[in-house]
Amino acid sequence: MKMTTEEAFVKTLQRHGIEHAFGIIGSAFMPISDLFPRAGITFWDCAHEGSGGMMADGYTRASGKMSMMIAQNGPGITNFVTAVKTAYWNHPPLLLVTPQAANKTIGMGGFQEVEQMKLFEDMVAYQEEVRDPSRVAEVLNRVILQAKRASAPAQINMPRDFWTQVIDIEIPEVVEFERPGGGETAIAKAAELLSQAKFPVILNGAGVVLAGAIPSTIKLAEKLAAPVCVGYQHNDAFPGSHPQFAGPLGYNGSKAGMELIAQADVVLCLGTRLNPFSTLPGYGIDYWPKDAAIIQVDINPDRIGLTKKVSVGIVGDAKKVAEALLDKIGEVSDESQRARLDTIAQTKSAWAQQLSSMDHEDDDPGTTWNERARKAKPDWMSPRMAWRAIQSALPREAIISSDIGNNCAIGNAYPSFEEGRKYLAPGLFGPCGYGLPSIIGAKIGCPDVPVVGFAGDGAFGIAVTELTAIGRPEWPAITMVVFRNYQWGAEKRNSTLWYDDNFVGTELDDGVSYAGIAQACGLQGVQARRMEELTAALEQAITDQMQHGKTTLIEALINQELGEPFRRDAMKKPVAVAGIDRADMRPQGV
């Protein structure tokens with residue numbers, strides 16, 4: 001069938017049901033963007049490509065539907081780097097379309113030329129460049145399929161001089177492959193270990209959410225009378241109301257989860273790569289069980305045993321493996337099950353009481369910053385007070401996003417969810433500026449669900465330009481909470497602990513009002529200084545979002561208390577040896 005290369009490209013997108021594209025318009029892909037309205041594809045023209053990529057991330061993670069990011073070749077594409085690497089570790093299947101400089105000038109250092117394949121080679125699960133115009137549909141189809149199979153971004157690189165050519169082509173059919181369910185021997189060994197365990201613990205990761213495996217893990221947990229922990233930033237991988245839910249591990253997570261998994265003799269790690277940061281000690285507890293048998297289940301065999309010593313490795317889809325284990329384990333009549341359930345309940349109750357009474361952050365011995373911060377603003381909320389006020393107003397069905405940073409991290413132990421695809425966090429690449437764009441993408445994907453984004457004021461400054469885009473009538477209404485304490489908190493915490501309060505680059509302009517910027521962009525902007533003000537403001541903002549189509553930015557004004565540092569494992573107090581003296585500075589010649 002004869003058609004143009006851009007028609008072939010768009011028809012392939014349609015065959016895969018890709019309805020949303022995020023980026024900034026550019027001449028390098030105008031032949032296809034011109035067809036988007038007729039094809040039923042919405043192009044969301046954001047303020048910065050990096051944020052556009054995170055919108056795509058949020059859309060796909062919340063909706064489960066694939067989306068794409070696209071921009072002008074060269075600088076437009078380089079702006080996607082952080083978003084693509086973030087998505088790589090967040091595991092949504094995304095299509096990265098990178099229009100390339102024209103073939104006839106490649107290598108001459110022409111306008112907006114850069115090595116776009118090399119740029120993303122360790123940030124995508126698959127990448128391919130179109131070598132001939134007649135192969136555009138074939139290559140695009142393969143890239144999309146690879147993104148779905150790996151549940152990760154995949155890249156198609158398309159020279160811009162391949163557009164507007166007439167080709168004779170057939171649009172390829174979509175061929176879906178069944179995901180593996182684990183090998184028989186591995187499943188049998190894992191079932192045997194779990195059946196005989198005295199204190200089994202289940203650790204759910206992102207793979208449980210992606211596979212729709214939560215119902216199966218509920219049955220498995222109940223059969224084993226096992227507590228269920230979740231990986232760092234995966235609070236939505238098990239229902240928060242379930243009596244066996246123990247909460248998230250890792251930085252500022254659930255102390256109950258840490259205390260329970262420390263008792264395990266068998267840990268079933270389901271749909272998780274066991275990234276190192278997620279199992280770091282917390283609250284002074286080095287909780288990872290050293291002598292437990294570890295069963296690790298992951299769709300990617302390269303990640304099994306990479307960070308922890310495993311007894312059984314299972315390559316497979318989390319849902320299929322969980323169901324296979326349910327069938328294999330059979331009925332368990334362990335007399336210690338009631339005692340385990342009592343232990344779970346008592347440990348959770350003790351932690352809940354402790355968490356509800358934690359109003360302030362402790363200082364390390366020899367430091368006094370948090371004490372001084374409380375005295376400086378005695379009438380302002382602490383970060384934990386703000387999170388408790390937020391919990392009072394958040395609807396149970398809400399999707400939330402979190403940015404990286406001190407105050408968002410302090411909130412790690414607070415939110416819980418009844419189903420998956422509800423908690424969007426920046427993941428282990430840890431970019432600032434994730435909270436706002438990801439929640440915008442989530443709202444596009446789930447327009448009937450209330451959404452609330454969270455960010456510290458430093459991280460929010462990276463994404464603030466999106467306020468200039470989302471006030472337009474075609475953009476959906478969202479709610480954004482910015483923790484305003486006028487500092488880069490995580491790095492300031494490092495400075496208090498290791499650098500004697502030598503605050504280099506940690507202070508923000510206290511003359512800037514993000515609520516004021518929101519108002520200048522035609523949005524609603526409000527401030528809250530006390531817990532009751534924050535709860536009321538959030539309740540009103542969600543009502544305005546859902547009933548009146550209005551976006552609200554809430555500045556939660558909080559004191560400058562700082563939580564546990566991110567990287568006790570990677571930092572130590574410096575020692576002066578040669579010494580540094582300002583007198584050694586030599587002026588440069590002009």
Minimum heavy-atom distance between Val315 and Pro180, given as atom pair plus value: O-CB, 4.0 Å
Working for salt bridge (charged side-chain N to carboxylate O under 4.0 Å, His left out), residues Arg15 and Glu173: CA-CA 8 Å; Arg15 185 154 289 188; Glu173 291 295 329; 3.3 Å; yes
Test log, rule side-chain hydrogen bond (donor to acceptor under 3.5 Å, both in side chains), inputs Thr5 and Gln165: CA-CA 6 Å; Thr5 46; Gln165 298 194 31; over 6 Å; no
Nearest-0.5 Å distance, CE of residue Met1 to CG of residue Asp168: 10.0 Å
Sequence neighbours excluded - ring pair (Phe, Tyr, Trp, His ring centres under 6.0 Å) pairs with any residue from residues 438-461: Trp387-Phe454, Phe460-Tyr514
Any donor-acceptor N/O pair, Asn407 side chain to Phe483 backbone, under 3.5 Å: no
Lys11 with Glu7: basic N within carboxylate O range, under 4.0 Å: no
Partner residues of Asp161 under the side-chain contact (heavy atoms from CB on, under 4.5 Å) criterion, sequence neighbours left out: Ala102, Asn103, Lys104, Pro159
Nearest-0.5 Å distance that lies between atom CZ in Arg303 and atom CZ in Arg273: 6.5 Å
Trace of the side-chain contact (heavy atoms from CB on, under 4.5 Å) decision for Ser402 with Tyr423: CA-CA 8 Å; Ser402 173; Tyr423 186 40; 4.1 Å; yes
Contacts of type side-chain hydrogen bond (donor to acceptor under 3.5 Å, both in side chains), residue Glu6, not counting sequence neighbours: none
Steps toward salt bridge (charged side-chain N to carboxylate O under 4.0 Å, His left out) verdict (Glu121, Lys118): CA-CA 5 Å; Glu121 64 184 0; Lys118 290 181 180 179; over 6 Å; no
Donor-acceptor pair, side chain of Asp403 and main chain of Ala455, under 3.5 angstrom: no
Taking every non-hydrogen atom, the tightest pair across Thr12 and Ala137: OG1-CB, 3.5 Å
Shortest non-hydrogen contact from Gly471 toward Leu523: CA-CD2, 3.6 Å
Gln296 side chain to Gly305 backbone, donor-acceptor under 3.5 Å: yes
From OG1 (Thr164) to CG (Asp34), nearest 0.5 Å: 11.5 Å
Sidechain N-carboxylate O distance under 4.0 Å for Arg421, Glu419: no
side-chain contact (heavy atoms from CB on, under 4.5 Å) evaluation trace for Met69 with Met55: CA-CA 9 Å; Met69 55 185 81; Met55 289 178 192; over 6 Å; no
Distance (rounded to the nearest 0.5 Å) between Ile294 CD1 and Ile304 CD1: 13.5 Å
Verdict with supporting geometry, Thr98 and Ile156, side-chain contact (heavy atoms from CB on, under 4.5 Å): CA-CA 6 Å; Thr98 57; Ile156 179 171; over 6 Å; no
Sidechain-backbone polar pair: Thr468 side chain, Thr465 backbone, donor-acceptor under 3.5 Å: yes
Heavy-atom donor-acceptor pair, Gln100 side chain to Met158 backbone, under 3.5 Å: no
Rounded distance (nearest 0.5 Å) linking atom OH of Tyr251 with atom CG of Asp569: 11.5 Å
Heavy-atom pair with the smallest gap, counting every atom of Pro92 and Thr60: CB-CG2, 3.7 Å
Qualifying ring pair (Phe, Tyr, Trp, His ring centres under 6.0 Å) pairs, either residue in residues 114-159, two or more places apart: none
Heavy-atom pair of closest approach, residues Lys443 and Pro476: CG-CB, 3.6 Å
Pair listing, salt bridge (Lys or Arg N to Asp or Glu O under 4.0 Å) test, anchored in residues 51-70, at least two apart: Asp57-Arg61
Tyr88 ring center within less than 6.0 Å of Phe429 ring center: no
Asn90 side chain reached by Pro426 side chain, heavy atoms, under 4.5 Å: no
Donor-acceptor pair between Ser27 and Arg160 side chains, under 3.5 angstrom: yes
Sequence-distant partners of Ala324, side-chain contact (heavy atoms from CB on, under 4.5 Å), two or more places apart: Ile187
Test side-chain contact (heavy atoms from CB on, under 4.5 Å) applied to Leu95 and Ile18, step by step: CA-CA 9 Å; Leu95 173 61; Ile18 296 175; 4.1 Å; yes
Whether Gln545 side chain and Val451 backbone form a donor-acceptor pair below 3.5 Å: yes
Results of side-chain contact (heavy atoms from CB on, under 4.5 Å) for Arg472 - residues two or more places apart only: Asp45, Ala469, Glu474, Trp475
With Ser33 via side-chain hydrogen bond (donor to acceptor under 3.5 Å, both in side chains) - residues at least two apart: none
Minimum side-chain heavy-atom gap Ile167-Thr4 below 4.5 Å: no
Closest non-hydrogen atom pair, Cys46 against Ile24: O-CG1, 3.5 Å
Distance-only side-chain donor-acceptor flag, Gln116 / Asn157, under 3.5 Å: yes
Qualifying ring pair (Phe, Tyr, Trp, His ring centres under 6.0 Å) pairs with a residue from residues 149-180, counting only residues at least two apart or across chains: Phe9-Trp163
Pair listing, side chain to side chain donor-acceptor pair (under 3.5 Å) test, anchored in residues 311-321, at least two apart: Glu178-Lys320
Residues that Ser278 engages under side-chain hydrogen bond (donor to acceptor under 3.5 Å, both in side chains), provided they are two or more places apart: Asn275
Sequence-distant partners of Ala463, side-chain contact (heavy atoms from CB on, under 4.5 Å), two or more places apart: Ser51, Leu436, Pro437
Exam field: side chain Asn73 to backbone Pro99, donor-acceptor pair closer than 3.5 Å: no
Reported SG-to-CD1 distance for the pair Cys446 and Ile399, which is rounded to 0.5 angstrom: 4.0 Å
Aromatic plane relationship, Tyr59 with His20 - under 30° parallel, 30 to 60° tilted, over 60° perpendicular: tilted
Heavy atoms of other groups near Lys328 NZ, more than 12 under 6.0 Å: no
